[in-house]
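As the structure is a prediction and not an experimental result, all values here were calculated from the model.
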Amino acid sequence: MSTLDRRAFLAVLGGAALGASATPAEAGVKIAIAQYGQFMSGFPWLVALKQGFIKGEGLDIEGFISSKGGGTSVRNILASGTPFGEVASGAAIAAIKQGVPLKVIYAATNDAGEIAWMTLPGKPISSIKDLVGKTIGYTSAKSTTEMLLRMSLSAAGIAPDQVKLVATGGLGGGLSLLAAGGIDAAPIVEPTMSKAGSKYKLVFRAADYVKQLNFAFGVTTEVYGKKEPERLRKMVLARRKAVDWIYANPSAAVPLCGEFLSIDKDLAGKVLPKFIGWKYWSRGDFTKDGLENNVRGLQLMKAVEGSVDWNKYVDQSFLPADLRRTL
């Protein structure tokens, strides 16, 4: 990134911070979770709140701020009075490389889960190979969907110049563009996938091409990490307890899944078991394959060149001792 681009990026962050300072104190503490209520990666946070794990750790968090992903999620975290939250791994690393003082403190996911690309039934597209020469959507720059799209295309042997990739501004924007004929395939997640029926046709699931991926990270700023280390450890622990509770109580978690995705209990009962079966949520620990697949994705997005020394980006001191790994 050029000096001018970096200044512009930081100016936007500054503007966001000014906006955050205008929020009344009585509004309570809310933390930024990328695609909250849309991607299931953020589901443990609702569980942590509703099951009392957050309160049990003595934390005053009362809600969450969502975003469309990418750099917007990073800006939300930096603008918050509690600079902590979850973002796409690509957005986190890109921001750090641009000079934003972030630290990665836990892994939120183990794999790509539900993320897939759909097309319209009438289009002659039935597999990822059929996307050659077509226009494909992703949500926003350096987002999870951009990374997984580029990784899936690469794994399928499709070169970047064989397709046109378009940022749609969000999942809903992608489906609108697809319906309008602006793109040939759009990213889709649960519960839209289960609700869609014959409205859309599956092209491919990212998990078919990317087997293991820590695609979402918990992050904080270097300053906040030094100022409130115990508070951060309690946040990470509350989330871990929520993940353990989901896996141990799948039936009891169904109503909360319905609340998180704004769907009825019957549909939630179809959606949630998929994620539990995938062991989708990480308890916070990182895996070597999950991180190395990140490197490949970041390289394809041109967010990094060469290898990544994860020890420069990751601070495991906020994880419980049994979850710390050699990176």
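- Judged by distance alone, the side chain of K211 and the main-chain N or O of A112 form no donor-acceptor pair under 3.5 Å.
- Side-chain contact check for S282 versus T109: every heavy-atom pair is 4.5 Å or farther apart.
- Between the side chain of S152 and the backbone N or O of L148 there is at least one donor-acceptor pair closer than 3.5 Å.
- In the hydrophobic clustering of ILVMFWY residues, with side-chain heavy atoms under 4.5 Å counting as a link, F53 and F260 come out together.
- Between the side chain of W117 and the backbone N or O of L149, no donor-acceptor pair lies under 3.5 Å.
- Listed for the S143 side chain is a donor-acceptor partner under 3.5 Å among the backbone atoms of S140.
- When each of V219, V29, I31 is checked for a side chain to side chain contact (heavy atoms under 4.5 Å, CB included) with F84, only I31 meets the rule.
- At a threshold of 4.5 Å between side-chain heavy atoms, the hydrophobic network of Ile, Leu, Val, Met, Phe, Trp and Tyr places I183 and V163 in two separate groups.
- Of all heavy-atom pairs spanning V87 and A92, the tightest one is CG2-CB, 3.6 Å.
- Enclosure of atom NZ in K50 is not indicated, since only 12 or fewer non-hydrogen atoms of other residues, nucleotides or ligands lie within 6.0 angstrom.
- At most 12 heavy atoms of other shown residues, nucleotides or ligands fall within 6.0 angstrom of atom NZ in K270.
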_Test side-chain contact (heavy atoms from CB on, under 4.5 Å) applied to Q35 and S41, step by step_ = CA-CA 8 Å; Q35 304 281 13; S41 51; 5.7 Å; no
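- A pairwise comparison of heavy atoms in M301 and G90 identifies CE-CA, 3.9 Å as the closest pair.
- In this structure, K103 forms no cation-pi arrangement with Y313, as its terminal cationic atom is not both closer than 6.0 Å to the ring centre and no more than 45° off the ring axis.
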*Would you please test S80 and T82 for side-chain hydrogen bond (donor to acceptor under 3.5 Å, both in side chains) and show each step?*
CA-CA 5 Å; S80 171; T82 302; 4.8 Å; no
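- Note on I158 and I115: same hydrophobic cluster, where clusters join Ile, Leu, Val, Met, Phe, Trp and Tyr whose side-chain heavy atoms are under 4.5 Å apart, directly or indirectly.
- The side-chain heavy atoms of L261 and M40, taken from C-beta on, include a pair separated by under 4.5 Å.
- Judged by distance alone, with hydrogens and angles left aside, the side-chain atoms of N76 form no donor-acceptor pair with the main-chain N or O of A32 at under 3.5 Å.
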*For salt bridge (charged side-chain N to carboxylate O under 4.0 Å, His left out), just list the numbers for R283 and D244, CA-CA rounded to whole Å, side-chain angles, deciding distance to a tenth of an Å, and then say yes or no.*
CA-CA 7 Å; R283 302 170 79 207; D244 288 343; 2.8 Å; yes
*side-chain contact (heavy atoms from CB on, under 4.5 Å) evaluation trace for L102 with T220*: CA-CA 6 Å; L102 290 181; T220 190; over 6 Å; no
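- In this structure, L178 CG and L120 CG are separated by 4.0 Å, a value rounded to the nearest 0.5 Å.
- The six-membered or imidazole ring of Y280 lies away from that of F43, with a centre-to-centre distance of 6.0 Å or more.
- Remark: K142 does not engage E146 in a salt bridge, criterion side-chain N to carboxylate O under 4.0 Å.
- Using a 30° and 60° split on the angle between ring planes, F215 and F39 fall in the perpendicular class, above 60°.
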*Taking it one step at a time, do T287 and D289 satisfy side-chain hydrogen bond (donor to acceptor under 3.5 Å, both in side chains)?*
CA-CA 6 Å; T287 65; D289 286 345; over 6 Å; no
_Audit row: I54, E62, side-chain contact (heavy atoms from CB on, under 4.5 Å) steps and yes/no_ = CA-CA 9 Å; I54 286 175; E62 65 174 35; over 6 Å; no
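- The closest side-chain heavy-atom distance from N214 to N294 is below 4.5 Å.
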*Begin with the C-alpha distance, continue with both residues' side-chain angles, and end with the deciding distance and a verdict on side-chain contact (heavy atoms from CB on, under 4.5 Å) for D315 and Y106.*
CA-CA 8 Å; D315 185 345; Y106 70 83; over 6 Å; no
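- A donor-acceptor distance shorter than 3.5 angstrom exists from the side chain of T145 to the backbone of T139, with no hydrogens or angles considered.
- Salt-bridge annotation for R205 and E114: absent, with no side-chain N of the basic residue lying under 4.0 Å from a carboxylate O of the acidic one.
- Using a 4.0 Å cut-off between charged side-chain N and carboxylate O, D184 and K164 make no salt bridge.
- No side-chain heavy atom of L175 sits less than 4.5 Å from a side-chain heavy atom of L171.
- A donor-acceptor pair under 3.5 Å is absent between the side-chain atoms of S89 and the main chain of F217, judged by distance alone.
- The shortest non-hydrogen separation linking L267 to D264 is N-OD1, 2.8 Å.
- Ion pairing between K274 and E190 holds under the 4.0 Å rule for side-chain N and carboxylate O.
- Cluster membership for I136 and Y200, using ILVMFWY side-chain heavy atoms within less than 4.5 angstrom, is not shared.
- Y224 approaches G81 most closely through the heavy-atom pair CE1-O, 4.5 Å.
- For R239 and E86, the salt-bridge test passes: some basic side-chain N is under 4.0 Å from an acidic carboxylate O.
- The hydrophobic clustering, which links ILVMFWY residues whose side-chain heavy atoms are closer than 4.5 Å, places F64 and I105 together.
- Nearest heavy-atom pair across V314 and Q316 is CG1-CG, 3.7 Å.
- Between R324 and D285 there is no salt bridge, since none of the side-chain N atoms of the basic residue sits less than 4.0 Å from a carboxylate O of the acidic one.
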*Please lay out, stage by stage, how Y138 and R150 fare under the test side-chain hydrogen bond (donor to acceptor under 3.5 Å, both in side chains).*
CA-CA 10 Å; Y138 61 90; R150 291 186 183 278; 5.0 Å; no
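- Of the possible donor and acceptor atoms, none in the side chain of N293 sits under 3.5 Å from a partner among the backbone N and O of L213.
- When all heavy atoms of S317 and R233 are compared, the closest pair comes out as O-NE, 2.9 Å.
- Checking R231, K241, R240 one by one against E57, the salt bridge (charged side-chain N to carboxylate O under 4.0 Å, His left out) holds for a single residue, K241.
- Note: F204 and Y209 have perpendicular aromatic rings, judged against thresholds of 30 and 60 degrees for the angle between ring planes.
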